[in-house]
There are 2 protein chains.
Amino acid sequence: MVKTEFSPIADTTRRAEIVALLRRAILTGQLQPGQKLNELRISEQMRVSRAPLREAMRELVQEGVLTSIPYAGTFVINVTAKDIDDAYSLNKVLDEFAIERMWKLRDQRFFDELDRRHEAVKQATRDRDTTRQIETALQLHGLIHEWADNSVLLETWQRLTSRLQMYFALHQQARREAVPAEDVHETYVARLKGGDMRAAQRHAREHIDLDFEELLAYARDLERRPSKGA
Amino acid sequence: MVKTEFSPIADTTRRAEIVALLRRAILTGQLQPGQKLNELRISEQMRVSRAPLREAMRELVQEGVLTSIPYAGTFVINVTAKDIDDAYSLNKVLDEFAIERMWKLRDQRFFDELDRRHEAVKQATRDRDTTRQIETALQLHGLIHEWADNSVLLETWQRLTSRLQMYFALHQQARREAVPAEDVHETYVARLKGGDMRAAQRHAREHIDLDFEELLAYARDLERRPSKGA
DNA sequence: GACAATCAGATTGTCGACAATCTAACAAGG
DNA sequence: CCTTGTTAGATTGTCGACAATCTGATTGTC
């Protein structure tokens with residue numbers, strides 16, 4: 001018998017596709033924070049009925065990127081500086097936990113995957129594809145959580161990631177300037193390959209702080225002079 | 001002008017009520033793990049159409065207490081020993097983080113609320129109401145997360161709590177014997193009132209370990225001799 | 001008897017229409 | 001001018017029916 005690995009087949013419900021479409025639109029900033037999602041309009045654009053669309057929206061509400069007020073509507077969440085601060089401070093704790101858990105589980109497959117994802121970030125950077133750059137950077141960062149062999153941790157991190165990706169996208173949209181060309185992940189990858197777990201944890205924490213300050217400053221700036229709204 | 005505080009009015013959609021009903025049924029063990037939820041039957045029992053029921057189910061899937069397979073059905077999640085282990089180890093980290101964050105925010109209102117919830121647990125214990133005992137104990141435990149002033153943390157903890165409550169309910173159902181009569185939370189409350197943050201963190205970690213071992217043993221036992229299924 | 005093809009029943013996914021609710025504009029009254 | 005009541009339009013929430021898919025039993029064939 002040939003021992004072949006099969007990946008699970010694709011979800012073939014409209015609902016799943018709608019979720020993917022909406023999530024992408026939100027996380028890339030195509031849909032602005034606070035913006036209302038008109039069910040009829042969206043369902044007509046997507047050529048689906050409101051039923052699967054509404055189910056998809058419930059999922060995204062629970063996922064934390066949408067918020068819903070009965071009989072008023074469903075809106076893209078608003079990003080406050082405090083939200084970012086909260087998400088990041090928790091993320092630090094999760095990173096430390098993840099590194100501790102996956103440290104002994106590192107093997108050649110891990111290192112290979114680490115390099116692969118690192119390469120993806122570098123490629124996106126070369127392409128000046130900011131959206132993809134954010135995506136790949138988060139995927140690189142997510143590897144430690146995937147490798148920690150803790151489903152609840154992974155789930156939690158993925159929820160956090162959604163928001164972080166959204167925040168980053170907004171940030172990138174705001175300052176149209178080019179993304180950092182130099183490779184900020186080089187040390188991170190090296191630490192994860194090294195032999196000092198504490199050092200890796202420390203670096204993860206500090207590395208995060210870096211981007212964070214910039215992002216936070218942007219969020220605070222937004223709050224000082226709020227736009228007229230969508 | 002009289003300055004009165006109003007709490008937000010209740011959600012008055014069928015969907016919200018269905019979510020509450022289903023969640024309670026799952027967390028109290030009324031619906032067994034792995035059990036399939038027949039949409040038509042449930043909607044008839046609740047006297048609602050399938051639309052709001054399905055939306056409610058999507059929310060609970062995202063909440064992590066249900067799992068859905070396209071065209072096959074929606075099921076109560078199965079509890080494995082590993083799930084419990086994962087949830088608990090993460091919970092420890094979150095507890096430590098929460099205590100660190102709320103430590104400086106403790107005030108009289110916090111202590112009052114702490115006592116109030118502690119009293120609720122004792123009352124449930126006196127009443128031999130195991131379901132309520134689990135509920136109140138988790139609410140007592142949740143206070144540190146509510147007080148930590150981090151919405152993302154609170155959200156994460158509430159997700160975890162759902163599962164923990166479910167696990168505990170199963171556990172209690174299995175061994176029908178009386179719940180612990182002595183007050184296991186006395187020290188926990190005292191530590192949170194005290195002046196030594198590290199001690200409080202340490203106690204939270206150890207306190208949790210206690211119940212955890214028992215729960216884990218039960219889960220392992222379940223896996224050794226699986227039931228015939230629902 | 002083993003195995004594949006077929007089919008009926010049950011269940012989930014999706015649709016279009018109706019009911020309940022909100023919003024904003026407008027009129028009436030003080 | 002401000003407030004309150006009314007109303008029309010738009011939008012969300014819910015319903016009942018139909019389409020797509022799965023499951024298990026049955027039948028026919030080797």
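This one's a predicted model, so the numbers in the text were calculated from it and none came from an experiment. Every chain is numbered from 1 and lettered A, B, ... according to where its sequence line falls, protein lines coming before strand lines.
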If you compare all heavy atoms of B:P70 against all heavy atoms of A:T13, which two are closest, and at what distance to 0.1 Å?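 Between these two residues, the closest heavy atoms are CB-CG2, 3.9 Å.
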Heavy-atom pair with the smallest gap, counting every atom of B:R101 and A:S89: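 B:R101 and A:S89 have their closest heavy atoms at NH2-CB, 3.3 Å.
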Hey, can you pull the residues of residues 42-58 of chain B with a non-hydrogen atom under 4.0 angstrom from DNA chain D?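 Contacting residues: B:V48, B:S49, B:R50, B:A51, B:P52.
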Find the distance A:R15:CZ to D:dT21:P and express it as a whole number of Å.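 Rounding to the nearest Å, CZ of A:R15 and P of D:dT21 are 14 Å apart.
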Starting from P on D:dT12, measure out to CD1 on A:I69 and report it in whole angstrom.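 Going from A:I69 (CD1) to D:dT12 (P), I get 12 Å.
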Nucleotide N/O of nucleotides 8-11 of chain D paired with protein N/O under 3.5 Å:
unit_1 : atom_1 : unit_2 : atom_2 : d
D:dT11 : OP1    : A:N38  : ND2    : 3.2

Pair A:Q172-A:T130, side-chain donor/acceptor within less than 3.5 Å: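 No, A:T130 and A:Q172 have no side-chain donor paired with an acceptor closer than 3.5 Å.
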How far apart are the C-alpha atoms of A:E44 and A:R41, what are their side-chain angles, what is the distance that settles it, and do they pass the salt bridge (charged side-chain N to carboxylate O under 4.0 Å, His left out) test? CA-CA 5 Å; A:E44 280 170 354; A:R41 196 155 48 80; over 6 Å; no
Whether A:E17 and A:R14 form a salt bridge (side-chain N of Lys/Arg under 4.0 Å from carboxylate O of Asp/Glu) is what I want to check.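 Salt bridge: no.
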If the test is side-chain contact (heavy atoms from CB on, under 4.5 Å), which one of B:L22, B:I26, B:V76 qualifies with B:V65?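 Considering B:L22, B:I26, B:V76, a side-chain contact (heavy atoms from CB on, under 4.5 Å) with B:V65 is found only for B:I26.
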Residue from B:V48, B:T74, B:L37, B:L31 passing side-chain contact (heavy atoms from CB on, under 4.5 Å) with B:I42: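 Result: among B:V48, B:T74, B:L37, B:L31, B:L37 is the only option passing the side-chain contact (heavy atoms from CB on, under 4.5 Å) with B:I42.
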Does C:dT12 have a Watson-Crick or wobble mate here (both distances under 3.5 Å), and if so which one?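 Looking at the geometry, C:dT12 pairs with D:dA19.
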Any chance you could measure A:L66, atom CG, to A:R23, atom CZ, to the nearest 0.5 Å?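 A:L66 CG to A:R23 CZ: 10.5 Å, rounded to 0.5 Å.
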